[in-house]
Structures are given as C-alpha cells and as structure tokens.
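These notes concern the structure reproduced below.
Just the heavy atoms: all of them, side chains too, but no hydrogens, waters or symmetry mates, feed the values below. Since the model is a prediction, treat every value here as computed from it, not as a measurement.
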Amino acid sequence: HLPALRNSKKAEEFSLSDRPKHSISVRLNITPMNSKEFTEQAEKSEKPVYTFGPITHNDIVVEDLKNKGVRVLDSIEEAEQLSEGTVIIRAHGVPKQLSDRLCRKDENGTVILNVMDATCPFVKKIHEIVRKQGEEGRVTVIFGDREHPEVQGIIGWCTGEYYVLK
C-alpha cells in the first residue's frame, strides 16, 4: 500500500507526501524523434547498421530505415553474435546492463560495435533521476506496463528499491 501521491507541476517527479526521504519518478514524456541523422548513418556506413528494438513506434520511420538496410535486433544475444557494425539504441532506451553489454571489446581491447544512443532526452532524464534517487536511498515507483521497452529501460537504471504500477 502506497501513501497518497501529491502531484507536482514537474512531469518527471512526484513525491510521497508522508515519507520525506522517498520520491518517485513517473509520467513518461515521449516526443517524436527525428531519424534524419540515423538514416544518414545507415546510408554512409560501409558496415551493417542495426537498431536495438524498433527505433520508435513510428512504422514509417522503421520501414524507411529497413529500406536503407538497417536491421532490427530483438535480443542482446543477437547483438552479441555480431562482429562488426553500428547498433543504435532505440528512443525508449535500454537498461544500463544491456547498454554495457553492447559496448563490449575484443581480447585486444578494441571496441567491437559502434553504439549510438538515440534514447529520447526525456527518457534519459528519467534514467538519471531513478539512478540518483536510488543512490540516495529513495524508493522509485514507475507507472506503466512492465513489459514495455521504455519501462524495462527505466527499471534497468534503478539503483535502489522500486515498484512498477500499471
């Protein structure tokens, strides 16, 4: 059972009114993403280009990138099989552990994949909030569908106790 929430004007943060040491991050802001630089990257690249999950919910953008040779990776296992290329992290972001695994190096210390982070700036801000709040001992409550990629990404940046409410 959670105490009543006091709504603030900030979209990124609410506070638990009767527990001053605890705060939560909610209300996921998603803005349309300009895919121009990623389309240009795909056209210029001599090596394969991938997105980790669909880059956005916009089917036109996803189809356009597919027509330019960009392939969608659906799992970290697929990405770990790659020996070259660029992986673009989708607008929803990914958990920190997954991001770290994408940035792996070979036995000589050479980076295997070029990783471009296309995470929406609002989502990145939420990642930073939940990381910092967890380090300060605060509890995070995320409102959303636990199976949604954006929520999974946020969970992956939590450093303390958290709850997901649908």
Side-chain angles (χ1 to χ4, degrees), residues 9-14 24-106 108-132 134 140-159 162-166:
K9 296 205 180 227
K10 288 178 142 183
E12 303 87 1
E13 191 172 320
F14 289 81
I24 57 176
S25 301
V26 295
R27 196 177 300 167
L28 308 177
N29 294 308
I30 302 174
T31 58
M33 205 179 145
N34 181 343
S35 64
K36 182 179 177 186
E37 66 189 46
F38 304 110
T39 301
E40 290 171 358
Q41 170 75 16
E43 290 173 334
K44 291 178 186 176
S45 181
E46 294 178 18
K47 295 182 179 181
V49 177
Y50 309 88
T51 62
F52 195 88
I55 192 75
T56 182
H57 285 305
N58 185 326
D59 292 336
I60 294 169
V61 170
V62 173
E63 188 64 28
D64 182 51
L65 290 171
K66 179 180 175 185
N67 291 337
K68 292 180 174 22
V70 177
R71 296 192 330 215
V72 175
L73 301 173
D74 293 313
S75 71
I76 188 62
E77 291 76 21
E78 279 183 89
E80 288 177 335
Q81 297 300 313
L82 302 175
S83 59
E84 66 176 5
T86 298
V87 176
I88 301 168
I89 295 174
R90 63 179 160 225
H92 294 118
V94 295
K96 183 174 183 335
Q97 181 182 22
L98 194 149
S99 178
D100 292 346
R101 287 174 68 183
L102 286 172
C103 297
R104 70 188 197 285
K105 298 179 181 179
D106 66 16
N108 299 319
T110 305
V111 174
I112 295 172
L113 299 172
N114 179 31
V115 179
M116 296 177 67
D117 191 349
T119 304
C120 168
F122 293 113
V123 175
K124 277 184 156 306
K125 185 172 182 179
I126 293 169
H127 291 174
E128 182 59 25
I129 289 169
V130 300
R131 182 197 60 75
K132 183 178 179 193
T140 300
V141 177
I142 303 163
F143 291 86
D145 180 353
R146 181 181 284 276
E147 301 305 314
H148 190 278
E150 187 170 342
V151 173
Q152 291 174 346
I154 293 168
I155 290 169
W157 286 87
C158 289
T159 55
Y162 70 88
Y163 299 91
V164 177
L165 303 178
K166 188 171 182 180

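Here the CD-CG distance, from Glu63 to Asn58, works out to 11.0 Å after rounding to the nearest 0.5 Å. Summarising the geometry, atom OG1 belonging to Thr51 is positioned 10.5 Å from atom CZ belonging to Arg71; distances are rounded to the nearest 0.5 Å. Within the model, atoms CG of Asp145 and CD of Glu150 stand 11.5 Å from one another, a figure rounded to the nearest 0.5 Å. Taken to the nearest 0.5 Å, the CG atom of Leu113 stands 9.5 Å off from the NZ atom of Lys47. In this structure, CZ in Arg90 is found 13.0 Å from CD1 in Ile88, a value given to the nearest 0.5 Å.
For the pair Pro54 and Val62, the tightest heavy-atom approach, listed with the atom from each and the gap, is CB-CG2, 4.1 Å. For Arg131 against Thr159, the heavy-atom pair with the smallest separation is O-OG1, 2.7 Å. Of all the heavy atoms in Ala79 and Leu102, the pair that sits closest is CB-CD2, 3.5 Å. Contact detail for Thr119 and Gly93: the closest heavy-atom pair is OG1-CA, 3.3 Å. Closest heavy-atom contact between Gly156 and Pro95: CA-CB, 3.6 Å. The two residues Ser99 and Ile89 make their nearest non-hydrogen contact at OG-CD1, 4.2 Å.
Using a 4.5 Å heavy-atom threshold, the side chains of Ile112 and Leu82 count as separate. Ile142 has its side chain within reach of Cys158: a pair of non-hydrogen atoms, C-beta onward, lies under 4.5 Å apart. At a threshold of 4.5 Å between non-hydrogen side-chain atoms, the residues Val49 and Met116 do not count as touching. Between Phe52 and Leu98 there is a side-chain heavy-atom pair separated by less than 4.5 Å. The shortest distance between side-chain heavy atoms of Ile55 and Val70 does not fall below 4.5 Å. With a 4.5 Å cut-off on side-chain heavy atoms, His92 and His148 count as touching.
For Asn67, the CG atom is densely surrounded, since the number of other residues' heavy atoms within 6.0 Å is greater than 12. A 6.0 Å sphere centred on CZ of Arg104 holds more than 12 heavy atoms belonging to other residues, nucleotides or ligands.
Listed by first then second residue, pairs satisfying salt bridge (Lys or Arg N to Asp or Glu O under 4.0 Å) with a partner in residues 77-88 read Glu80-Arg101, not counting sequence neighbours.
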I'd like to know whether Asp100 forms a side chain to side chain contact (heavy atoms under 4.5 Å, CB included) with Lys96, so could you lay out the CA-CA distance, the side-chain angles of the two residues, the decisive distance to 0.1 Å, and finally the verdict. CA-CA 6 Å; Asp100 292 346; Lys96 183 174 183 335; 3.0 Å; yes

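A search for salt bridge (Lys or Arg N to Asp or Glu O under 4.0 Å) contacts involving Lys124 returns Asp117, not counting sequence neighbours.
Checking side-chain atoms of Asn108 against main-chain N and O of Thr110 turns up no donor-acceptor pair under 3.5 Å.
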